[in-house]
Number of protein chains: 2
Amino acid sequence: MGERLSIGDLAKATGTKVETIRYYEQMALLPKPGRTAGNYRSYDASHLARLSFIRRARDLGFSLERVRNLLGLSDRKDRSCEGIDAIAEEHLVEVDRKIADLTALRHELGSLVQQCKRGTIGECRIIEALAPHRV
Amino acid sequence: MGERLSIGDLAKATGTKVETIRYYEQMALLPKPGRTAGNYRSYDASHLARLSFIRRARDLGFSLERVRNLLGLSDRKDRSCEGIDAIAEEHLVEVDRKIADLTALRHELGSLVQQCKRGTIGECRIIEALAPHRV
DNA sequence: CATGCACCCTGTAGGAACTATAGGGTCAAG
DNA sequence: CTTGACCCTATAGTTCCTACAGGGTGCATG
């Protein structure tokens, strides 16, 4: 418990570049950490969890603004439940759409691999997996 | 059939900025379309499908390079099946990881909404949904 | 104790993927 | 025949990193 991490440790643990961590601090997505006697940044487990969240949310295609917003759901100090509820529901819609798209893509990639395994290189429908939304 | 679309039509149909479409053309992600007498770009259904794919793949957090690679699975003219298979499997791994992360996030958002509906604003575990990978 | 070497610091500049603006042409409607 | 919505090229700006440049820290090792 109470383990302290250097910026390099944090970078390694999350697959982030050291510069990116400093960038997030500048953008106030990560709280300013404590400093050692030698002026090195000193992090703890909560920083690790938060950075992991940011990185993986970014990897899922959420903008930093959206990530900030999602983190806000957690950071709320005295926000009303209606506000939180509305924001969360909004995110839910986007998340569900992304899951549906990824599932369709997954299906096409899988069938491509299957075709290859059977030696039958039929038509590739990968583009159709993410076809325009019906309007 | 054989319907022709202006760049504005394409933009509207896919939720893309007109400038972004021209940018993709420059990056050779979209093939150069035909031109009208007045030098306007003229697209067809295949452009629409391809652009839709690009936009939605981008929204899912794939880099343009990765999208180019995915499109390559479809564009292959004379590529070997082993090559295709390897690339597709690699993408499959990433897609599955994204689906797992989104599902975890979806779960936490859902429980947040449920808590609000019941008036019990317990602890928010949204950050934990995308916790660091065990190493 | 000095001297590497790996790591950290604060800048600032560069790159990827758009996005906006300037300055101008096209075209259907009135 | 002009007005407004659209298109054209070219270029500069924004977001989100990423890569130096120039220098300090800290620990092992001769």
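Order of the sequence lines sets the chain letters (A, B, ...), proteins ahead of strands, with each chain counted from 1.
- In summary, A:R50 and A:D44 do not engage in a salt bridge, as defined by a charged side-chain N under 4.0 Å from a carboxylate O.
- Between A:R55 and the phosphate of D:dC16, there is no side-chain N or O to OP1/OP2 separation shorter than 4.0 Å.
- Regarding B:L64, its CG atom lies at a distance of 16 Å from the P atom of D:dC16, rounded to whole Å.
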Practice task
Evaluate salt bridge (charged side-chain N to carboxylate O under 4.0 Å, His left out) for A:R97 paired with B:D59, printing each intermediate quantity in order.
Solution key: CA-CA 10 Å; A:R97 188 170 42 70; B:D59 182 59; 3.2 Å; yes
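- Closest contact between the side chain of B:I7 and the listed nucleotides C:dC8, C:dA17, D:dC8 involves D:dC8.
- In terms of position on DNA chain C, the residue among B:R58 and A:R35 whose nearest nucleotide sits closer to the 5' end is A:R35.
- Relative to the side chain of B:T36, the nucleotides C:dG25, C:dC27, D:dG24 differ in distance, and C:dC27 lies closest.
- A salt bridge does not link A:E25 with A:R22: every distance from a Lys NZ or Arg NE/NH1/NH2 to an Asp or Glu carboxylate oxygen is 4.0 Å or more.
- When rounded to the nearest whole Å, the span between NZ of B:K12 and P of D:dC7 equals 8 Å.
- Side chains of A:R55 and A:T14: a donor-acceptor N/O pair is absent below 3.5 angstrom, by distance only.
- Rounded to a whole Å, the CG atom of A:L10 is 14 Å from the C1' atom of C:dC8.
- Phosphate contact (OP1/OP2 of D:dC16, side-chain N/O of A:R22, threshold under 4.0 Å): absent.
- Proximity of a side-chain donor or acceptor of A:S6 to a complementary backbone N or O of A:Y40 within less than 3.5 Å is not detected.
- In this structure, B:Y23 places its OH atom 17 Å from P of D:dT11, rounding to the nearest Å.
- Between the CD atom of A:E19 and the P atom of C:dA16 there is a distance of 17 Å, rounded to whole Å.
- A residue-by-residue look at A:T20 and A:Y40 shows that A:T20 has its nearest nucleotide of DNA chain D further toward the 5' end.
- Dashed line: the shortest gap from a side-chain N or O of A:R41 to OP1 or OP2 of C:dT10 is under 4.0 Å.
- For A:S6, no side-chain nitrogen or oxygen approaches OP1 or OP2 of C:dC7 to under 4.0 Å.
- B:I21 places its CD1 atom 16 Å from the C1' atom of D:dT9, with the value rounded to the nearest Å.
- Take the nearest nucleotide of DNA chain D for A:M27 and for A:G38: the residue whose nucleotide is more 5' is A:M27.
- As rounded to whole Å, 9 Å separates atom P of D:dC17 from atom CG of A:L29.
- Residue A:Y43 contributes atom OH, which lies 7 Å from atom P of C:dC9 at whole-angstrom precision.
- Taking only side-chain atoms of A:K17, from C-beta outward, the nucleotide of D:dC17, D:dA19, D:dC7 with the closest atom is D:dA19.
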